[in-house]
Asks: 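Here's a structure for you.
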2 protein chains.
Amino acid sequence: MSPTRHDRDGVVDTALDLLDRVGLPDLSMRRLATELGVQPSALYWHFDSKQELLAAVADRILARIPDTLATVEPERALAAAQSVRDALLTYRDGAEVVMSTHALGLGSGRARDVLVTALGAGPDAEEGADVLLQFILGHTLLVQQRLHAQSHGAAADQGTQDPSGSIENTFDAGIRTFLAGLRSPAGGLTQ
Amino acid sequence: MSPTRHDRDGVVDTALDLLDRVGLPDLSMRRLATELGVQPSALYWHFDSKQELLAAVADRILARIPDTLATVEPERALAAAQSVRDALLTYRDGAEVVMSTHALGLGSGRARDVLVTALGAGPDAEEGADVLLQFILGHTLLVQQRLHAQSHGAAADQGTQDPSGSIENTFDAGIRTFLAGLRSPAGGLTQ
DNA sequence: ACCTGAACACCGTTCAAGT
DNA sequence: ACCTGAACACCGTTCAAGT
């Protein structure tokens with residue numbers, strides 16, 4: 001009757017669950033180890049570093065993006081952007097985990113791939129996907145950090161311009177405006 | 001002959017300098033204290049928390065944005081976006097410091113103010129500034145974390161799609177495309 | 001007004017050794 | 001194949017006390 005033993009996937013399962021319950025700042029290797037009933041050093045048999053663990057977590061978050069979008073243009077690009085954002089919003093601090101993983105060139109790159117596909121085969125697709133992803137990550141990061149601030153007793157709440165979570169409403173408008181610019185005569189990325 | 005004594009501004013001076021030399025992950029209260037020739041606890045006479053210190057650092061970074069832009073539309077909005085990005089790029093990890101400060105509703109909000117002004121007095125100005133700021137922060141965060149990865153011996157460099165720093169090139173194109181969408185018949189934020 | 005000294009409750013990571 | 005035990009070099013923050 002050996003005590004708790006785990007594989008990579010099992011560790012990531014628990015990491016995702018812990019992330020959602022306590023947030024990224026409290027997702028430490030030591031706390032994760034405690035959650036698994038194991039010594040902290042045991043985690044380094046499964047992963048070379050915390051960063052590598054977080055990359056695996058990021059991939060799981062992005063795995064929630066559906067890979068086929070039934071919609072046709074021009075709504076397909078918006079639907080793709082929304083599906084990426086929705087995946088990030090599914091777990092607490094999901095945007096931050098995915099952003100740092102993406103920046104380091106780790107992880108699957110699934111978010112970008114879905115956006116490239118949704119934008120079609122045009123020459124602007126790659127660059128357009130990069131721009132969209134930068135906006136999606138920036139937007140969602142702000143939304144999720146705002147959530148984190150509200151729960152920890154928001155100090156100076158006057159800086160937050162308008163009532164209710166109206167930042168969320170800027171998402172569709174932002175994506176739509178960018179897409180309109182892509183198609184406008186004065187617009188396009190490679191002019 | 002009393003040993004080193006400081007005021008708030010002097011501490012922020014050193015914090016900015018240290019940030020630029022070692023990056024945000026290594027900007028600890030303890031290291032900053034050592035740099036100042038002082039005990040860590042001394043910093044808590046000047047600031048209630050590390051977060052408050054970082055808010056003061058963020059304000060100094062944003063103070064580099066010129067408050068009057070001589071340019072007229074339609075180039076004024078682009079110039080404003082560039083001036084915000086340039087301020088963030090002036091210090092290592094500037095985008096991350098400003099993003100977390102902005103998300104918590106701390107700091108001056110100067111970046112957003114400049115963008116609102118540059119977009120004119122229209123009803124879309126506030127919402128447009130929010131969208132622009134989300135893109136600018138997302139873009140610059142990615143650029144700066146990429147820089148940080150390169151210096152620390154980039155592990156999996158295949159994930160980084162194209163050679164040279166071509167992400168930087170997406171900035172102007174992204175801003176221009178969004179602005180074109182704002183003015184296009186199919187575009188505008190409040191449709 | 002500004003700082004020290006000591007403590008509390010934490011971090012990520014390494015490495016020999018165990019089963 | 002997977003984990004323990006112990007150590008190393010760190011964190012942010014508090015609080016009584018000093019000058």
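The sequence lines fix the lettering, A, B, ..., with proteins before strands; numbering per chain opens at 1.
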Asks: One thing to verify: whether Glu52(B) and Arg8(B) come together as a salt bridge, which I'm taking to mean a side-chain N less than 4.0 angstrom from a carboxylate O.
Replies: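 Salt bridge between Arg8(B) and Glu52(B), a charged N being under 4.0 Å from a carboxylate O: yes.
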Asks: Consider the side chain of Tyr44(B), meaning its heavy atoms from C-beta on, and name the nucleotide among dT14(D), dA1(C), dT4(C) that approaches it most closely.
Replies: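 Looking only at side-chain atoms, Tyr44(B) lies closest to dT14(D).
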Asks: Check for me, please, whether Ile136(A) and Val116(A) land in the same ILVMFWY cluster - side-chain distances under 4.5 Å, paths through other members count.
Replies: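 No; Val116(A) is not reachable from Ile136(A) via cluster members.
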Asks: Kindly point out which of dC3(C), dG5(D), dG12(C) is positioned nearest to the side chain of Arg5(B)?
Replies: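 Among dC3(C), dG5(D), dG12(C), the one nearest the side chain of Arg5(B) is dC3(C).
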Asks: Hey, could you give me the NE2/CD distance between His139(A) and Gln134(A), rounded to the nearest 0.5 Å?
Replies: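 Reported value, rounded in 0.5 Å steps: 15.5 Å.
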Asks: From the set dT13(C), dG12(D), dC3(D), return the single nucleotide nearest to any side-chain atom of Val38(A).
Replies: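 Selected nucleotide (nearest to the side chain): dC3(D).
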Asks: Are the charged groups of Asp26(B) and Arg21(B) less than 4.0 angstrom apart, N to O?
Replies: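 A salt bridge is absent here (no side-chain N lies under 4.0 Å from a carboxylate O).
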Asks: Any donor-acceptor pair, under 3.5 Å, between the side chain of Ser41(A) and the base of dG5(D), if you only look at N and O atoms?
Replies: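 Between dG5(D) and Ser41(A), which were checked side chain against base, a qualifying N/O pair under 3.5 Å is present.
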Asks: Rounded off to whole Å, could you give me the CD-to-C1' distance for the Gln39(B) and dG5(C) pair?
Replies: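 After rounding, the reported distance stands at 7 Å.
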Asks: Could you work out the separation of dA17(D) and dC2(C) based on their P atoms and round it to a whole Å?
Replies: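 Pairwise P distance, dA17(D) against dC2(C), rounds to 22 Å.
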Asks: In this structure, how many angstroms lie between the P atom of dT14(D) and the CZ atom of Phe47(B), rounded?
Replies: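 Going from Phe47(B) (CZ) to dT14(D) (P), I get 15 Å.
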Asks: Exactly one of Asp67(A), Leu119(A), Leu133(A), Ile65(A) should register a side chain to side chain contact (heavy atoms under 4.5 Å, CB included) with Val114(A). Which one does?
Replies: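 When Asp67(A), Leu119(A), Leu133(A), Ile65(A) are each tested with Val114(A), the side chain to side chain contact (heavy atoms under 4.5 Å, CB included) holds only for Ile65(A).
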Asks: Whole angstrom is fine here: how far is it from CE in Met29(A) over to P in dC3(D)?
Replies: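 Distance, rounded to whole Å: 13 Å.
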Asks: Take the protein atom CG of Leu54(B) and the nucleotide atom C1' of dG12(D), then report the distance between them rounded to whole Å.
Replies: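 Distance check: Leu54(B) CG to dG12(D) C1' gives 12 Å.
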Asks: Measure the distance from CG on Leu53(B) to P on dG12(D) and round it to the nearest whole Å.
Replies: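 It works out to 10 Å between those atoms.
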Asks: What parts of residues 7-14 of chain A reach DNA chain C, counting only heavy atoms under 4.0 Å away?
Replies: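 Output list: empty, so none.
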Asks: Return whichever of Asp26(A) or Asp48(A) has its heavy-atom-nearest nucleotide of DNA chain C closer to the 5' end.
Replies: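 Looking at DNA chain C, the more 5' nearest nucleotide goes with Asp26(A).
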Asks: Run the side-chain hydrogen bond (donor to acceptor under 3.5 Å, both in side chains) test against Asp113(A) and tell me which residues pass, sequence neighbours left out.
Replies: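 Residues passing side-chain hydrogen bond (donor to acceptor under 3.5 Å, both in side chains) with Asp113(A): none at all.
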Asks: Return the nucleotide paired to dA7(D): Watson-Crick means purine N1 to pyrimidine N3 with N6-O4 or O6-N4, wobble means G-U with N1-O2 and O6-N3, both under 3.5 Å.
Replies: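 dA7(D) is paired with dT13(C).
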Asks: For the residue pair Pro40(A) and Met29(A), establish whether any side-chain heavy-atom pair is separated by less than 4.5 Å.
Replies: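 They are not in contact (no side-chain heavy atoms under 4.5 Å apart), so the answer is no.
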Asks: Determine the interatomic distance between P on dC10(D) and the same-named atom on dA9(C); round to the nearest Å.
Replies: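 Comparing P positions in dC10(D) and dA9(C) gives a spacing of 22 Å.
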Asks: Closest approach to the side chain of His46(B), judged atom by atom: which nucleotide of dC2(D), dT13(D), dC2(C) is it?
Replies: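 Of dC2(D), dT13(D), dC2(C), dC2(C) is nearest to the side chain of His46(B).
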Asks: To the nearest Å, give me how far apart CH2 (Trp45(A)) and P (dC3(D)) are.
Replies: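 Whole-Å distance recorded here is 8 Å.
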Asks: Which whole-number value in Å describes the distance from Arg31(A) CZ to dC10(C) C1'?
Replies: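 It is 12 Å, rounded to the nearest whole Å.
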Asks: Would you say a side-chain N or O of His6(A) is under 4.0 Å from OP1 or OP2 of dC3(D)?
Replies: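 Answer is yes, contact under 4.0 Å.
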Asks: On DNA chain D, compare the nucleotides closest to Gln51(B) and Leu43(A); which residue's is nearer the 5' end?
Replies: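 Nearer the 5' end of the strand: Leu43(A).
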Asks: Would you mind telling me which of dG12(C), dG12(D), dC3(D) lies closest to the side-chain atoms of Ser28(B)?
Replies: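 When the side chain of Ser28(B) is considered, dG12(D) is the closest of dG12(C), dG12(D), dC3(D).
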Asks: List the atom of Thr170(B), the atom of Phe135(B), and the distance in Å for their closest heavy-atom pair.
Replies: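 Heavy atoms only, the tightest pair is O-CZ, 4.2 Å.
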Asks: Please compare Ala42(A) and Arg30(A) by the position of their nearest nucleotide in DNA chain C and report the one closer to 5'.
Replies: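 This one resolves to Arg30(A).
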Asks: Determine which nucleotide pairs with dC2(D), using a 3.5 Å limit on both distances of a Watson-Crick or G-U wobble pair.
Replies: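 The base-pairing partner of dC2(D), which may sit in any strand shown, is dG18(C).
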Asks: dC3(C) P sits how many Å from Leu36(B) CG, rounded?
Replies: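 Between P of dC3(C) and CG of Leu36(B): 8 Å.
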